[in-house]
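A short worksheet on the structure shown next.
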2 protein chains.
Amino acid sequence: MENQVTAHEVAKLAGVSQSSVSRVFTKGASVSEKTREKVLKAAEQLGYRPNEYARSLIKRKSSLIGLVMKGVSNPYYPHAVKKFTSELKKLGYSVLLIDTDDVELQMQDIDALLSYHVAGVVIMDATASFQTAEMLRRFRIPAVLFNRVVPGTGLHSVSCENESAAREIARLLIARGCKSFTYVGGREGASTHIERLKGFTEELENHGFGCQVLPGDFTYGTGYRNGAEMIESGRLTDAVFAVTDLMAYGIYDAFRDRGVRVPEQVKLVGFDDIEMSSWSSYNLSTYAHPVDRMVALSIELLLDPEQSHAEGEVHYLTGEMRLRGTT
Amino acid sequence: MENQVTAHEVAKLAGVSQSSVSRVFTKGASVSEKTREKVLKAAEQLGYRPNEYARSLIKRKSSLIGLVMKGVSNPYYPHAVKKFTSELKKLGYSVLLIDTDDVELQMQDIDALLSYHVAGVVIMDATASFQTAEMLRRFRIPAVLFNRVVPGTGLHSVSCENESAAREIARLLIARGCKSFTYVGGREGASTHIERLKGFTEELENHGFGCQVLPGDFTYGTGYRNGAEMIESGRLTDAVFAVTDLMAYGIYDAFRDRGVRVPEQVKLVGFDDIEMSSWSSYNLSTYAHPVDRMVALSIELLLDPEQSHAEGEVHYLTGEMRLRGTT
DNA sequence: TTCAAAATTGCATACGTATGCAAATTCCTA
DNA sequence: TAGGAATTTGCATACGTATGCAATTTTGAA
C-alpha cells in the first residue's frame with residue numbers, strides 16, 4: 001500500500017489532470033474518447049486501481065455488503081453465500097464476511113459493519129439477530145434476514161413458504177397411505193421450525209390425523225438420536241417429516257442401523273434439498289428452497305432505497321417438492 | 001452513511017479537539033484519563049465509530065484480508081473459513097470474501113482485492129491461482145495458498161503432509177491384509193491429488209504391490225461412477241483409497257447399491273475427515289487435516305512482514321489418522 | 001468563415017481521520 | 001514555592017478521490 005499508484009501519477013503520465021483520470025473511472029462522468037484512451041493506457045501501464053477507501057470516503061457511500069453467518073451447521077448456506085457474492089459483484093458490491101460463533105467477538109463484528117458503513121447486511125444467523133438488529137436500526141443500515149423471521153425487529157425477511165410447503169408434505173404422506181405421523185423439529189424459537197410445524201400438524205388435523213412432535217436442533221446427531229429413540233421406545237410412525245435434510249439423514253441412518261427400512265416401513269421427508277439429498281445413500285424426498293430467487297429478492301430489498309427504509313415485511317417465496325426414494 | 005457521526009462532532013460535545021478524539025481511538029496514542037472518559041462518554045452518546053475508510057486512507061494500510069474460494073464443492077472449506085474469520089477478527093482484521101466460479105467476474109474480483117489494498121490474501125481455490133498469483137506478486141500483496149501447492153508462483157503454501165499421510169494409509173491397508181489396491185484421484189494437476197498419489201503408490205511399491213489408478217475430480221458423482229465401474233468391469237480391489245472423503249462417499253454408495261460390502265470385501269479410506277465421515281452411514285476411516293494449525297500458520301505468514309515478503313515456501317503440517325468402520 | 005451552444009477540461013475543495021510540531025498543561029524534585 | 005522535565009493538547013496538514021464551477025475547446029448550423 002505504501003507504493004500505491006495514484007490518479008495523480010496516471011494523470012502526469014497521460015498528460016491530463018487528476019480530475020480527468022477520475023472521470024474515466026467514474027461511470028456516468030463525461031470524458032472525450034481521446035483522453036479516455038490516453039488515461040486507460042497510462043493506467044494499465046502503471047497498474048492503477050482507484051483507491052476504494054478514498055472513493056467511499058468522498059462519495060460517502062460504501063460498496064460493501066455485510067454477510068453475517070454463524071458457523072457451518074447446514075451445508076445449505078454455502079450455496080446461498082456463493083450466490084450472494086456473485087450477484088452482488090455484478091452490481092459492483094463486495095462482501096464483508098462475518099462468520100463466527102464466538103460471543104466475545106460479536107461486538108467487534110458489529111463494529112466492523114458500522115466502521116465500514118456497509119451499504120446493507122444479510123443476516124443468516126438467528127442468534128445474532130436481536131442484538132444486531134437493534135444496532136442496524138439505530139444506524140439505519142438496510143438489513144435482510146435470510147431464511148428466518150424474527151418478529152418485532154422491523155427488518156425485512158426473505159423466507160421460504162414453509163407453512164404451505166409443510167401442508168403439501170402432509171398431504172403427500174397421507175396420499176401415500178400413512179396413518180401415523182412424526183415431526184422432528186429444530187431449535188425452539190426458530191421461525192423455520194415454527195412455521196413448518198404449524199403447517200404440518202394443522203394439515204394433518206384437517207384430515208383427522210394427530211402428530212407426534214419431537215424436539216431437535218437442526219443437527220445430524222440429534223436427528224440420529226430421535227430416530228433411535230423412536231424405535232427403542234416403540235413410537236415409530238408410518239411417516240416422519242424432519243425440519244431439515246440434515247436431521248432427516250440422522251433419522252434415516254438410525255433407522256438403517258436398526259433394520260428399519262425406508263420407505264417400506266417408514267416414509268421420510270426432509271426440507272432444503274441440499275446436494276447430499278440426491279446422493280444414492282439417502283435419495284431423500286424433500287422440499288427445495290428457491291435459493292436463487294430468495295437471494296435476488298434479498299438484494300433487491302437491500303439496495304432499493306424505497307424498500308430498505310420501509311418497515312420490514314416478511315416475503316415468502318415458493319419452492320418445489322422433490323420426490324425421491326424415501327416416499 | 002449520510003448521517004455519519006464524525007470525530008468532530010464528538011469533539012465538540014466532549015469539549016476537546018478532534019485530535020484528542022482520534023487519539024482515544026488510536027491504540028498507542030497518549031491521552032489523559034480525564035479526556036479519555038469525556039470522549040468515550042460523548043462517543044457512546046452519539047454512537048460514534050471511527051470511519052474505516054478515512055482511517056485506512058490516512059494510515060495507508062488496510063484492515064482487510066481477502067479470502068478467495070470457489071464454490072462450495074467440499075464441505076471441508078467452510079470450517080476453515082470460519083476459523084479464519086474468527087482468528088483474523090481477534091487481530092483486528094475483517095474478511096473480504098471472494099466466492100464465485102463465474103469466470104467473467106474473476107477480473108472484477110481481483111480488482112476488488114487491489115482496490116481495497118487488502119493486507120493479505122488467502123487462496124483456497126486452485127483455478128484462480130495462476131492469474132491471481134501473478135497480480136498479487138506484481139502488487140506485492142502477501143498471499144498464502146491454503147491446502148494447495150502451485151509450483152512457480154512464489155507464494156507461500158500451507159498444506160497437509162499429504163505424501164507421508166498417504167504412505168501411512170498404504171501401510172495401514174497392507175497391515176489389514178489387502179493385496180490389491182486402487183487409488184481414485186482428484187483433478188489432474190491439483191497438488192493434493194499429486195502428492196497423495198505419489199505417497200500411496202510409492203509406499204505400495206516399496207512393499208511389492210501395484211496400484212490401479214482411476215481419474216477423478218473431487219466430486220461425489222465421479223466417485224460413484226468410479227465405484228460402479230470398478231465393479232462392472234471386474235476390476236474391484238481389496239482396498240480403495242480416495243483422494244477426498246467426498247469421493248469416498250460416492251464410491252461407498254456405488255458399492256452399497258451393488259451389494260459390495262465395506263469393509264468385509266473392500267476396505268475404503270478417504271482424506272479430510274469432514275463431519276459427515278463420522279456419520280453412521282459412512283463411518284469412514286480417513287486422515288484428518290490439522291485445520292486449526294493450518295489456519296494459524298497461514299495468518300502468521302500473511303501478517304509477518306519478514307515472512308510475507310520472503311520467497312514463498314511450502315509448509316507441510318502433520319494431521320492425524322482416524323480409524324473407523326471402513327477398514 | 002463565424003458565432004453560439006454543447007462538450008470537455010482543470011482548478012479547487014471536501015470527505016473523516018492520523019500525526020508531526022509547537023504550545024499549554026501537569027508533574028516532580030529541590 | 002520555584003522551575004525544569006514530562007506529558008497532554010490543539011493546530012495544521014496529508015491521505016486519494018469525486019465533483020461544482022468556471023475556463024477552455026469542440027461542435028454544428030447559418
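Here is the naming used below: chain letters follow the sequence lines, and residue numbers restart at 1 for every chain.
Considering only side-chain N and O atoms, Thr26(B) lies under 4.0 angstrom from the phosphate OP1 or OP2 of dA18(C). A close approach under 4.0 Å does not occur between any side-chain nitrogen or oxygen of Ser32(B) and OP1 or OP2 of dT7(D). Not one side-chain nitrogen or oxygen of Thr6(B) sits closer than 4.0 Å to the OP1 or OP2 atom of dG16(C). For the pair Ser30(B) and dT8(D), the criterion of a side-chain N or O lying under 4.0 Å from OP1 or OP2 is met.
Comparing Arg23(A) and Gln18(B) along DNA chain D, the residue whose closest nucleotide (by nearest heavy atom) sits nearer the 5' end is Gln18(B).
In this view, Tyr76(B) and His289(B) satisfy the ring pair (Phe, Tyr, Trp, His ring centres under 6.0 Å) rule, not counting sequence neighbours. Among residues two or more places apart in sequence or in another chain, the side chain to side chain contact (heavy atoms under 4.5 Å, CB included) test is passed with Leu46(A) by Val5(A), Glu9(A), Val10(A), Leu13(A).
DNA chain C is contacted by Thr35(A) of residues 34-56 of chain A, taking any non-hydrogen atom closer than 4.0 Å.
The nearest pair of heavy atoms linking Arg23(A) to Ser30(A) is CD-O, 3.8 Å.
Closest contact between the side chain of Ser20(B) and the listed nucleotides dG16(C), dT9(D), dT17(D) involves dT9(D). The side chain of Gln4(B) approaches dG16(C) more closely than any other nucleotide in the set dT19(C), dT17(D), dG16(C). When each of dG10(C), dG16(D), dT17(C) is scored by its nearest atom to the side-chain atoms of Ala7(B), the top-ranked nucleotide is dT17(C).
Counting only N and O atoms by type, the side chains of His117(A) and Gln4(B) include a donor and acceptor under 3.5 Å apart.
Put simply, CD1 on Ile58(A) is 14 Å from P on dT17(C), counting in whole angstrom units. Atom-to-atom, OH of Tyr116(B) to C1' of dT17(D) comes out at 14 Å; the value is rounded to the nearest Å. Atom CD in Glu9(B) sits about 13 Å away from atom C1' in dC15(C), given to the nearest Å.
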